[in-house]
There are 2 protein chains.
Amino acid sequence: MNTVVAVPRVVIVDDQTLFRSGLAKLLEADERICVVGQAADGEAGVELVSRVHPDVVLMDLKMPGLDGVGATRRIATEFPETKILVLTTFDAENHFIQALRAGASGYVLKDSEPDAIVSSILAVVSGERVMATAVANRVLDMLTGTLAPKEFYDGLTPREIEILKLVAEGMANKQIAYRLKISEKTVRNHVSNTYDKLKIVDRSQAVLYAVRKGLVEP
Amino acid sequence: MNTVVAVPRVVIVDDQTLFRSGLAKLLEADERICVVGQAADGEAGVELVSRVHPDVVLMDLKMPGLDGVGATRRIATEFPETKILVLTTFDAENHFIQALRAGASGYVLKDSEPDAIVSSILAVVSGERVMATAVANRVLDMLTGTLAPKEFYDGLTPREIEILKLVAEGMANKQIAYRLKISEKTVRNHVSNTYDKLKIVDRSQAVLYAVRKGLVEP
DNA sequence: TCCGGCGCCGGGACATCCGCCCACGCCCGG
DNA sequence: CCGGGCGTGGGCGGATGTCCCGGCGCCGGA
(Lines give C-alpha, C1' and ligand atoms only; values in the text may rest on other atoms or scores of the structure.)
Protein backbone atom coordinates (compact mmCIF):
# COMPACT_ATOMS: atom_id res chain seq x y z
CA MET A 1 0.00 0.00 0.00
CA ASN A 2 0.98 3.59 -0.24
CA THR A 3 2.85 5.64 2.30
CA VAL A 4 1.12 7.91 4.75
CA VAL A 5 1.79 10.93 2.57
CA ALA A 6 -0.93 11.61 -0.01
CA VAL A 7 -0.02 11.93 -3.67
CA PRO A 8 0.76 15.60 -4.31
CA ARG A 9 -1.85 17.40 -6.37
CA VAL A 10 -0.28 19.56 -9.08
CA VAL A 11 -1.51 22.24 -11.46
CA ILE A 12 0.39 23.46 -14.51
CA VAL A 13 0.42 27.10 -15.59
CA ASP A 14 1.93 27.69 -19.02
CA ASP A 15 0.74 29.50 -22.09
CA GLN A 16 1.80 26.81 -24.56
CA THR A 17 -1.07 24.39 -24.83
CA LEU A 18 1.06 21.67 -26.29
CA PHE A 19 3.66 21.93 -23.56
CA ARG A 20 0.96 21.85 -20.91
CA SER A 21 -0.69 18.79 -22.40
CA GLY A 22 2.57 16.95 -22.88
CA LEU A 23 3.78 17.68 -19.39
CA ALA A 24 0.44 16.62 -17.94
CA LYS A 25 0.59 13.37 -19.85
CA LEU A 26 4.12 12.87 -18.65
CA LEU A 27 3.26 13.45 -15.01
CA GLU A 28 0.07 11.42 -15.07
CA ALA A 29 2.14 8.47 -16.18
CA ASP A 30 3.92 8.70 -12.83
CA GLU A 31 1.83 7.42 -9.96
CA ARG A 32 3.62 9.66 -7.47
CA ILE A 33 2.02 12.74 -9.04
CA CYS A 34 -1.57 13.75 -9.66
CA VAL A 35 -2.28 16.54 -12.11
CA VAL A 36 -5.51 18.28 -11.13
CA GLY A 37 -5.62 21.23 -13.49
CA GLN A 38 -4.05 23.44 -16.11
CA ALA A 39 -4.13 27.15 -16.85
CA ALA A 40 -2.89 29.19 -19.79
CA ASP A 41 -1.98 32.44 -18.07
CA GLY A 42 -1.38 34.02 -14.68
CA GLU A 43 -4.95 35.15 -14.10
CA ALA A 44 -6.41 31.75 -14.87
CA GLY A 45 -3.68 30.16 -12.77
CA VAL A 46 -4.55 32.16 -9.66
CA GLU A 47 -8.21 31.48 -10.17
CA LEU A 48 -7.55 27.77 -10.62
CA VAL A 49 -5.46 27.62 -7.47
CA SER A 50 -8.21 29.33 -5.52
CA ARG A 51 -10.60 26.59 -6.63
CA VAL A 52 -8.61 23.38 -6.33
CA HIS A 53 -5.99 24.33 -3.73
CA PRO A 54 -3.21 22.19 -5.15
CA ASP A 55 -0.03 21.23 -3.32
CA VAL A 56 2.28 22.45 -6.07
CA VAL A 57 2.03 24.87 -8.99
CA LEU A 58 4.34 24.38 -11.94
CA MET A 59 4.69 27.95 -13.14
CA ASP A 60 6.09 29.30 -16.37
CA LEU A 61 7.45 32.82 -16.15
CA LYS A 62 6.96 34.27 -19.60
CA MET A 63 3.24 34.49 -20.25
CA PRO A 64 0.78 36.96 -21.73
CA GLY A 65 -1.20 39.07 -19.32
CA LEU A 66 -0.32 38.50 -15.69
CA ASP A 67 3.11 36.93 -15.89
CA GLY A 68 4.64 34.20 -13.79
CA VAL A 69 6.27 36.47 -11.24
CA GLY A 70 3.05 38.33 -10.57
CA ALA A 71 1.04 35.13 -10.36
CA THR A 72 3.66 33.64 -8.05
CA ARG A 73 3.43 36.63 -5.77
CA ARG A 74 -0.35 36.50 -5.59
CA ILE A 75 -0.50 32.76 -5.01
CA ALA A 76 2.25 32.88 -2.41
CA THR A 77 0.44 35.53 -0.41
CA GLU A 78 -3.15 34.36 -0.85
CA PHE A 79 -2.53 30.63 -0.64
CA PRO A 80 0.69 30.17 1.33
CA GLU A 81 0.09 26.42 1.73
CA THR A 82 0.54 26.00 -2.02
CA LYS A 83 4.16 25.59 -3.10
CA ILE A 84 5.30 27.13 -6.37
CA LEU A 85 7.89 25.55 -8.60
CA VAL A 86 9.06 27.79 -11.41
CA LEU A 87 9.55 25.90 -14.65
CA THR A 88 11.06 27.98 -17.40
CA THR A 89 13.84 28.39 -19.90
CA PHE A 90 17.23 29.78 -19.08
CA ASP A 91 17.15 32.93 -21.11
CA ALA A 92 16.45 35.93 -18.95
CA GLU A 93 19.31 35.95 -16.54
CA ASN A 94 17.89 37.51 -13.43
CA HIS A 95 14.26 36.53 -13.45
CA PHE A 96 14.91 33.72 -11.01
CA ILE A 97 15.80 36.27 -8.34
CA GLN A 98 12.49 38.04 -8.83
CA ALA A 99 10.66 34.72 -8.84
CA LEU A 100 12.27 33.54 -5.62
CA ARG A 101 11.62 36.88 -3.96
CA ALA A 102 8.01 36.57 -5.08
CA GLY A 103 7.71 33.36 -3.12
CA ALA A 104 8.72 30.51 -5.40
CA SER A 105 10.05 27.41 -3.70
CA GLY A 106 12.13 26.23 -6.60
CA TYR A 107 13.41 26.97 -10.06
CA VAL A 108 13.91 24.22 -12.61
CA LEU A 109 14.56 24.42 -16.31
CA LYS A 110 12.42 23.17 -19.16
CA ASP A 111 15.61 21.73 -20.54
CA SER A 112 15.75 18.87 -18.04
CA GLU A 113 14.71 15.25 -17.74
CA PRO A 114 11.14 14.35 -16.79
CA ASP A 115 12.42 12.41 -13.79
CA ALA A 116 14.05 15.58 -12.53
CA ILE A 117 10.72 17.37 -12.59
CA VAL A 118 9.04 14.62 -10.62
CA SER A 119 11.69 14.52 -7.96
CA SER A 120 11.71 18.31 -7.80
CA ILE A 121 7.98 18.30 -7.17
CA LEU A 122 8.36 15.71 -4.43
CA ALA A 123 11.18 17.68 -2.87
CA VAL A 124 9.16 20.87 -2.91
CA VAL A 125 6.10 19.32 -1.24
CA SER A 126 8.35 17.99 1.48
CA GLY A 127 9.50 21.51 2.18
CA GLU A 128 12.79 21.58 0.34
CA ARG A 129 13.99 24.21 -2.05
CA VAL A 130 15.01 23.07 -5.51
CA MET A 131 17.34 24.88 -7.84
CA ALA A 132 18.54 23.83 -11.26
CA THR A 133 22.27 23.31 -11.10
CA ALA A 134 22.93 26.05 -13.63
CA VAL A 135 20.91 28.49 -11.58
CA ALA A 136 22.41 27.29 -8.31
CA ASN A 137 25.89 27.72 -9.68
CA ARG A 138 25.07 31.26 -10.65
CA VAL A 139 23.74 31.97 -7.17
CA LEU A 140 26.87 30.53 -5.64
CA ASP A 141 29.00 32.61 -7.96
CA MET A 142 27.09 35.66 -6.87
CA LEU A 143 27.57 34.84 -3.19
CA THR A 144 31.16 33.66 -3.16
CA GLY A 145 33.90 36.06 -3.96
CA THR A 146 34.55 34.66 -7.40
CA LEU A 147 31.82 36.86 -8.68
CA ALA A 148 30.88 39.74 -6.41
CA PRO A 149 27.14 39.91 -5.68
CA LYS A 150 26.65 42.70 -8.10
CA GLU A 151 29.41 41.71 -10.49
CA PHE A 152 26.72 39.97 -12.45
CA TYR A 153 26.11 43.17 -14.34
CA ASP A 154 29.71 43.45 -15.44
CA GLY A 155 30.68 45.69 -12.54
CA LEU A 156 28.00 48.29 -12.99
CA THR A 157 27.33 50.36 -9.90
CA PRO A 158 23.74 50.51 -8.57
CA ARG A 159 23.28 54.03 -9.85
CA GLU A 160 24.53 52.98 -13.26
CA ILE A 161 22.11 50.06 -13.37
CA GLU A 162 19.28 52.34 -12.36
CA ILE A 163 20.10 54.77 -15.12
CA LEU A 164 20.68 52.01 -17.64
CA LYS A 165 17.18 50.74 -16.99
CA LEU A 166 15.72 54.14 -17.73
CA VAL A 167 17.85 54.44 -20.84
CA ALA A 168 16.58 51.07 -22.01
CA GLU A 169 13.01 52.22 -21.57
CA GLY A 170 13.63 54.85 -24.19
CA MET A 171 14.07 57.86 -21.93
CA ALA A 172 16.34 60.75 -22.91
CA ASN A 173 19.13 61.90 -20.64
CA LYS A 174 17.21 65.03 -19.78
CA GLN A 175 14.15 63.06 -18.76
CA ILE A 176 16.28 60.76 -16.64
CA ALA A 177 17.90 63.77 -15.01
CA TYR A 178 14.51 65.24 -14.18
CA ARG A 179 13.26 61.90 -12.87
CA LEU A 180 16.29 61.39 -10.64
CA LYS A 181 16.58 65.05 -9.68
CA ILE A 182 20.18 65.31 -10.83
CA SER A 183 21.92 67.17 -13.63
CA GLU A 184 21.76 65.96 -17.18
CA LYS A 185 25.52 66.09 -17.28
CA THR A 186 25.69 63.61 -14.44
CA VAL A 187 23.37 61.27 -16.26
CA ARG A 188 25.58 61.51 -19.31
CA ASN A 189 28.59 60.61 -17.22
CA HIS A 190 26.91 57.58 -15.72
CA VAL A 191 25.83 56.48 -19.15
CA SER A 192 29.32 57.00 -20.46
CA ASN A 193 30.88 55.00 -17.63
CA THR A 194 28.34 52.28 -18.31
CA TYR A 195 29.39 52.15 -21.95
CA ASP A 196 32.98 51.83 -20.82
CA LYS A 197 32.28 48.90 -18.51
CA LEU A 198 30.08 47.09 -20.99
CA LYS A 199 32.53 47.75 -23.80
CA ILE A 200 29.86 49.34 -25.96
CA VAL A 201 29.78 52.76 -27.56
CA ASP A 202 26.20 53.43 -28.22
CA ARG A 203 22.80 54.02 -26.70
CA SER A 204 21.20 51.43 -28.94
CA GLN A 205 23.62 48.77 -27.80
CA ALA A 206 22.83 49.70 -24.21
CA VAL A 207 19.17 49.00 -24.93
CA LEU A 208 20.04 45.64 -26.43
CA TYR A 209 22.21 44.77 -23.42
CA ALA A 210 19.42 45.65 -21.02
CA VAL A 211 16.90 43.59 -22.96
CA ARG A 212 19.25 40.61 -23.03
CA LYS A 213 19.82 40.82 -19.30
CA GLY A 214 16.13 41.11 -18.61
CA LEU A 215 16.54 44.53 -17.04
CA VAL A 216 13.58 45.73 -19.09
CA GLU A 217 10.84 44.17 -21.15
CA PRO A 218 11.20 44.80 -24.87
CA MET B 1 -7.14 -4.38 -38.84
CA ASN B 2 -5.24 -1.34 -39.91
CA THR B 3 -5.50 0.47 -43.18
CA VAL B 4 -3.09 -0.05 -46.01
CA VAL B 5 -1.15 3.06 -45.08
CA ALA B 6 1.61 2.42 -42.58
CA VAL B 7 1.69 4.40 -39.36
CA PRO B 8 3.81 7.51 -39.98
CA ARG B 9 7.19 7.47 -38.28
CA VAL B 10 7.97 10.78 -36.61
CA VAL B 11 11.03 12.36 -35.05
CA ILE B 12 10.99 15.44 -32.80
CA VAL B 13 13.67 18.13 -32.92
CA ASP B 14 13.49 20.62 -30.08
CA ASP B 15 16.02 21.90 -27.58
CA GLN B 16 13.71 21.71 -24.58
CA THR B 17 14.07 18.22 -23.19
CA LEU B 18 10.85 18.45 -21.25
CA PHE B 19 8.85 19.59 -24.25
CA ARG B 20 10.31 16.80 -26.36
CA SER B 21 9.51 14.16 -23.77
CA GLY B 22 6.01 15.42 -23.18
CA LEU B 23 5.21 15.64 -26.86
CA ALA B 24 6.62 12.18 -27.45
CA LYS B 25 4.46 10.79 -24.65
CA LEU B 26 1.49 12.57 -26.11
CA LEU B 27 2.02 11.22 -29.59
CA GLU B 28 2.83 7.70 -28.47
CA ALA B 29 -0.55 7.61 -26.79
CA ASP B 30 -2.07 7.96 -30.25
CA GLU B 31 -1.92 4.79 -32.27
CA ARG B 32 -1.93 6.69 -35.56
CA ILE B 33 1.57 8.03 -34.82
CA CYS B 34 4.87 6.34 -34.08
CA VAL B 35 7.67 8.39 -32.55
CA VAL B 36 10.98 6.92 -33.60
CA GLY B 37 13.48 9.44 -32.27
CA GLN B 38 14.29 12.79 -30.71
CA ALA B 39 17.05 15.33 -31.16
CA ALA B 40 18.01 18.43 -29.20
CA ASP B 41 19.42 20.61 -31.96
CA GLY B 42 19.67 20.97 -35.70
CA GLU B 43 22.87 19.02 -36.14
CA ALA B 44 21.59 16.05 -34.17
CA GLY B 45 18.29 16.32 -36.00
CA VAL B 46 19.88 16.02 -39.43
CA GLU B 47 22.03 13.15 -38.26
CA LEU B 48 19.02 11.39 -36.77
CA VAL B 49 17.02 11.78 -39.97
CA SER B 50 19.88 10.33 -41.96
CA ARG B 51 19.79 7.26 -39.75
CA VAL B 52 16.10 6.51 -39.29
CA HIS B 53 14.58 8.15 -42.39
CA PRO B 54 11.31 9.19 -40.75
CA ASP B 55 8.19 10.24 -42.58
CA VAL B 56 7.80 13.50 -40.68
CA VAL B 57 10.07 15.76 -38.66
CA LEU B 58 8.50 18.00 -36.04
CA MET B 59 10.94 20.90 -36.06
CA ASP B 60 11.35 23.75 -33.61
CA LEU B 61 12.84 26.90 -35.10
CA LYS B 62 14.69 28.57 -32.24
CA MET B 63 17.52 26.27 -31.21
CA PRO B 64 21.17 26.58 -30.25
CA GLY B 65 23.70 25.78 -32.93
CA LEU B 66 22.18 24.93 -36.28
CA ASP B 67 18.72 26.41 -36.05
CA GLY B 68 15.46 25.08 -37.38
CA VAL B 69 15.56 26.89 -40.70
CA GLY B 70 19.01 25.60 -41.50
CA ALA B 71 18.15 22.08 -40.42
CA THR B 72 14.96 22.25 -42.48
CA ARG B 73 16.90 23.28 -45.55
CA ARG B 74 19.43 20.48 -45.17
CA ILE B 75 16.82 17.81 -44.54
CA ALA B 76 14.61 19.03 -47.37
CA THR B 77 17.49 18.81 -49.85
CA GLU B 78 19.25 15.68 -48.60
CA PHE B 79 16.15 13.67 -47.73
CA PRO B 80 13.32 15.03 -49.84
CA GLU B 81 11.06 12.10 -48.97
CA THR B 82 10.96 13.30 -45.37
CA LYS B 83 8.28 15.91 -44.69
CA ILE B 84 9.02 18.71 -42.25
CA LEU B 85 6.40 20.21 -39.99
CA VAL B 86 7.55 23.34 -38.20
CA LEU B 87 6.32 23.48 -34.63
CA THR B 88 7.10 26.72 -32.89
CA THR B 89 5.79 29.68 -30.97
CA PHE B 90 4.23 32.69 -32.59
CA ASP B 91 6.75 35.30 -31.63
CA ALA B 92 9.04 36.02 -34.54
CA GLU B 93 6.64 37.19 -37.17
CA ASN B 94 8.45 36.50 -40.38
CA HIS B 95 10.28 33.28 -39.64
CA PHE B 96 7.54 31.16 -41.14
CA ILE B 97 8.31 32.57 -44.57
CA GLN B 98 11.93 31.53 -44.27
CA ALA B 99 10.91 28.12 -42.97
CA LEU B 100 8.50 27.50 -45.84
CA ARG B 101 11.07 28.67 -48.35
CA ALA B 102 13.54 26.28 -46.76
CA GLY B 103 11.24 23.40 -47.56
CA ALA B 104 8.87 22.97 -44.65
CA SER B 105 5.52 21.38 -45.48
CA GLY B 106 3.65 23.02 -42.64
CA TYR B 107 3.73 25.45 -39.80
CA VAL B 108 1.80 24.82 -36.61
CA LEU B 109 1.98 26.56 -33.27
CA LYS B 110 3.00 25.15 -29.92
CA ASP B 111 -0.05 26.89 -28.60
CA SER B 112 -2.50 24.39 -30.06
CA GLU B 113 -4.35 21.25 -29.08
CA PRO B 114 -2.63 17.84 -29.23
CA ASP B 115 -5.28 16.59 -31.62
CA ALA B 116 -4.38 19.38 -34.01
CA ILE B 117 -0.79 18.19 -34.08
CA VAL B 118 -1.81 14.64 -34.85
CA SER B 119 -4.11 15.63 -37.68
CA SER B 120 -1.46 18.02 -39.01
CA ILE B 121 1.05 15.18 -39.11
CA LEU B 122 -1.41 12.95 -40.92
CA ALA B 123 -2.21 15.71 -43.39
CA VAL B 124 1.46 16.32 -44.09
CA VAL B 125 2.27 12.68 -44.76
CA SER B 126 -0.62 12.58 -47.20
CA GLY B 127 0.97 15.42 -49.11
CA GLU B 128 -1.02 18.35 -47.82
CA ARG B 129 0.30 21.63 -46.56
CA VAL B 130 -0.73 22.66 -43.08
CA MET B 131 -0.78 26.17 -41.73
CA ALA B 132 -1.88 27.37 -38.33
CA THR B 133 -4.93 29.55 -38.77
CA ALA B 134 -3.18 32.55 -37.29
CA VAL B 135 -0.33 32.13 -39.77
CA ALA B 136 -2.65 31.39 -42.65
CA ASN B 137 -4.66 34.49 -41.87
CA ARG B 138 -1.53 36.53 -41.90
CA VAL B 139 -0.56 35.10 -45.26
CA LEU B 140 -3.98 35.86 -46.64
CA ASP B 141 -3.79 39.36 -45.24
CA MET B 142 -0.48 39.78 -46.97
CA LEU B 143 -1.89 38.58 -50.28
CA THR B 144 -5.25 40.30 -50.28
CA GLY B 145 -5.43 44.02 -50.25
CA THR B 146 -6.78 44.33 -46.72
CA LEU B 147 -3.29 44.47 -45.35
CA ALA B 148 -0.66 45.42 -47.88
CA PRO B 149 2.20 42.92 -47.93
CA LYS B 150 4.33 45.25 -45.92
CA GLU B 151 1.63 47.02 -43.92
CA PHE B 152 2.43 44.75 -40.99
CA TYR B 153 5.25 47.03 -39.97
CA ASP B 154 2.99 50.05 -39.55
CA GLY B 155 3.45 51.24 -43.11
CA LEU B 156 7.21 51.21 -43.15
CA THR B 157 8.70 50.96 -46.60
CA PRO B 158 11.17 48.14 -47.35
CA ARG B 159 14.07 50.52 -47.25
CA GLU B 160 12.96 51.91 -43.94
CA ILE B 161 12.67 48.43 -42.49
CA GLU B 162 16.14 47.60 -43.77
CA ILE B 163 17.59 50.69 -42.13
CA LEU B 164 15.62 50.16 -38.95
CA LYS B 165 17.18 46.73 -38.64
CA LEU B 166 20.67 48.19 -38.86
CA VAL B 167 19.77 50.88 -36.35
CA ALA B 168 18.54 48.20 -33.99
CA GLU B 169 21.84 46.38 -34.30
CA GLY B 170 23.56 49.40 -32.83
CA MET B 171 24.97 50.93 -35.99
CA ALA B 172 25.44 54.69 -36.35
CA ASN B 173 23.94 56.61 -39.23
CA LYS B 174 27.33 57.03 -40.81
CA GLN B 175 28.03 53.30 -40.67
CA ILE B 176 24.65 52.54 -42.16
CA ALA B 177 25.32 55.02 -44.94
CA TYR B 178 28.62 53.34 -45.72
CA ARG B 179 27.08 49.89 -45.61
CA LEU B 180 24.24 50.82 -47.95
CA LYS B 181 26.39 53.04 -50.14
CA ILE B 182 24.13 56.03 -49.69
CA SER B 183 24.52 59.40 -48.03
CA GLU B 184 24.26 59.85 -44.30
CA LYS B 185 21.65 62.51 -44.92
CA THR B 186 19.49 59.97 -46.66
CA VAL B 187 19.85 57.60 -43.78
CA ARG B 188 18.82 60.34 -41.39
CA ASN B 189 15.79 61.10 -43.50
CA HIS B 190 14.74 57.46 -43.59
CA VAL B 191 15.23 57.20 -39.85
CA SER B 192 13.26 60.34 -39.29
CA ASN B 193 10.41 59.15 -41.46
CA THR B 194 10.46 55.87 -39.57
CA TYR B 195 10.11 57.71 -36.27
CA ASP B 196 7.19 59.57 -37.72
CA LYS B 197 5.36 56.44 -38.83
CA LEU B 198 6.02 54.56 -35.61
CA LYS B 199 5.10 57.58 -33.52
CA ILE B 200 8.38 57.46 -31.64
CA VAL B 201 11.01 60.14 -31.23
CA ASP B 202 14.10 58.30 -30.32
CA ARG B 203 16.72 55.84 -31.43
CA SER B 204 16.34 53.76 -28.29
CA GLN B 205 12.64 53.35 -28.84
CA ALA B 206 13.38 52.26 -32.39
CA VAL B 207 15.56 49.50 -30.98
CA LEU B 208 12.80 48.42 -28.62
CA TYR B 209 10.29 48.38 -31.47
CA ALA B 210 12.59 46.26 -33.59
CA VAL B 211 13.17 43.80 -30.77
CA ARG B 212 9.46 43.52 -30.07
CA LYS B 213 8.73 42.86 -33.72
CA GLY B 214 11.46 40.26 -33.94
CA LEU B 215 13.34 42.26 -36.54
CA VAL B 216 16.55 41.68 -34.59
CA GLU B 217 17.67 39.38 -31.84
CA PRO B 218 18.33 41.17 -28.56
C1' DT C 1 -0.55 59.21 -73.55
C1' DC C 2 0.15 62.18 -69.75
C1' DC C 3 0.15 63.13 -65.02
C1' DG C 4 0.19 62.55 -60.10
C1' DG C 5 1.80 59.91 -56.36
C1' DC C 6 5.23 57.47 -54.04
C1' DG C 7 9.63 55.47 -52.99
C1' DC C 8 14.32 56.56 -52.81
C1' DC C 9 18.11 59.65 -52.99
C1' DG C 10 20.61 63.84 -51.64
C1' DG C 11 21.54 68.78 -49.81
C1' DG C 12 21.36 72.92 -46.31
C1' DA C 13 20.57 74.86 -41.93
C1' DC C 14 19.49 74.57 -37.33
C1' DA C 15 18.55 72.97 -32.58
C1' DT C 16 19.41 69.64 -29.76
C1' DC C 17 21.25 65.52 -27.91
C1' DC C 18 24.98 62.53 -26.89
C1' DG C 19 29.46 60.86 -25.59
C1' DC C 20 33.94 62.14 -23.72
C1' DC C 21 37.34 64.56 -20.97
C1' DC C 22 38.35 66.88 -16.80
C1' DA C 23 37.31 68.16 -12.05
C1' DC C 24 35.29 68.42 -7.35
C1' DG C 25 33.37 66.65 -3.02
C1' DC C 26 32.23 62.48 -0.14
C1' DC C 27 32.85 58.41 2.22
C1' DC C 28 35.05 54.27 3.43
C1' DG C 29 38.62 50.92 4.14
C1' DG C 30 43.54 50.03 4.43
C1' DC D 1 45.28 59.97 6.75
C1' DC D 2 44.94 59.11 2.15
C1' DG D 3 43.87 56.49 -2.03
C1' DG D 4 40.14 54.96 -4.64
C1' DG D 5 35.52 54.24 -5.89
C1' DC D 6 31.17 56.66 -6.35
C1' DG D 7 28.08 60.35 -7.32
C1' DT D 8 27.98 64.90 -8.96
C1' DG D 9 28.84 68.58 -12.35
C1' DG D 10 30.95 71.91 -16.59
C1' DG D 11 32.76 72.37 -21.32
C1' DC D 12 33.40 70.84 -25.94
C1' DG D 13 32.99 68.51 -30.43
C1' DG D 14 30.59 65.36 -32.99
C1' DA D 15 26.24 62.77 -33.78
C1' DT D 16 21.43 62.96 -34.21
C1' DG D 17 16.77 64.60 -35.39
C1' DT D 18 13.89 68.07 -37.99
C1' DC D 19 12.28 70.97 -41.47
C1' DC D 20 12.97 72.62 -45.66
C1' DC D 21 14.18 71.88 -50.67
C1' DG D 22 14.90 69.37 -55.24
C1' DG D 23 15.62 65.32 -58.45
C1' DC D 24 14.97 60.69 -60.48
C1' DG D 25 12.40 56.39 -61.68
C1' DC D 26 8.35 53.74 -61.54
C1' DC D 27 3.56 52.67 -61.67
C1' DG D 28 -1.36 53.19 -62.03
C1' DG D 29 -5.28 55.86 -63.10
C1' DA D 30 -7.47 59.57 -65.94
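Naming: A, B, ... by sequence-line order, numbering from 1 per chain.
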query = When A:I75 is tested against each of A:L48, A:V11, A:T82 for side chain to side chain contact (heavy atoms under 4.5 Å, CB included), which residue passes?
reply = A:T82

Please check the phosphate of [N] (OP1 and OP2 only) for any side-chain N or O of [X] closer than 4.0 Å.
X      : N      : answer
A:R203 : C:dG19 : yes
B:R188 : D:dA15 : no
A:T157 : D:dC6  : no
B:Y195 : D:dT18 : no

Row check, A:Y178 ring normal vs A:K181 NZ/CZ: under 6.0 Å, within 45° = yes

A:K110 charged N/C atom sitting above A:F19 aromatic ring, 6.0 Å / 45° = yes

Could you check how far [atom1] of [X] sits from [atom2] of [N], rounded to whole Å?
X      : N      : atom1 : atom2 : answer
B:E160 : C:dC6  : CD    : C1'   : 11 Å
B:L166 : D:dT16 : CG    : P     : 13 Å
B:Q205 : C:dC17 : CD    : P     : 14 Å
B:L164 : D:dT16 : CG    : C1'   : 16 Å
B:L156 : C:dC6  : CG    : P     : 16 Å
B:D202 : C:dC17 : CG    : P     : 10 Å
A:K197 : C:dG19 : NZ    : C1'   : 16 Å
A:E184 : C:dC20 : CD    : C1'   : 14 Å

query = DNA chain C: B:S183 or A:I200, which has the more 5' nearest nucleotide?
reply = B:S183

Test log, rule side-chain contact (heavy atoms from CB on, under 4.5 Å), inputs A:I84 and A:S105 = CA-CA 5 Å; A:I84 298 163; A:S105 296; 5.6 Å; no

Without swapping roles, check the side chain of [X] against the backbone of [Y] for a donor-acceptor pair under 3.5 Å.
X      : Y      : result
B:T186 : B:I182 : no
A:Q205 : A:D202 : no
B:R73  : B:A102 : no

query = Can a salt bridge be assigned to the pair B:E162 and B:R159 using a cut-off of 4.0 Å between side-chain N and carboxylate O?
reply = yes

message = Taking the side chain as everything from C-beta on, heavy atoms only, tell me whether A:I117 gets closer than 4.5 Å to A:L87.
response = yes

Touch class at under 4.0 angstrom, heavy-atom based, for B:T186 against every strand present = base

inquiry  = By the 4.0 Å heavy-atom rule, please label B:H190 as base, sugar-phosphate, or nothing.
reply    = sugar-phosphate

Side-chain donor-acceptor contact under 3.5 Å, B:N193 with B:R188 = no

Sub-3.5 Å pairs of nitrogen or oxygen atoms, protein against nucleotides 21-26 of chain C:
residue	atom	partner	partner atom	Å
C:dC21	N4	A:N189	OD1	2.5

request  = For DNA chain D, determine which residues of residues 169-180 of chain A have any heavy atom closer than 4.0 angstrom to one of its atoms, and list them numerically.
outcome  = none

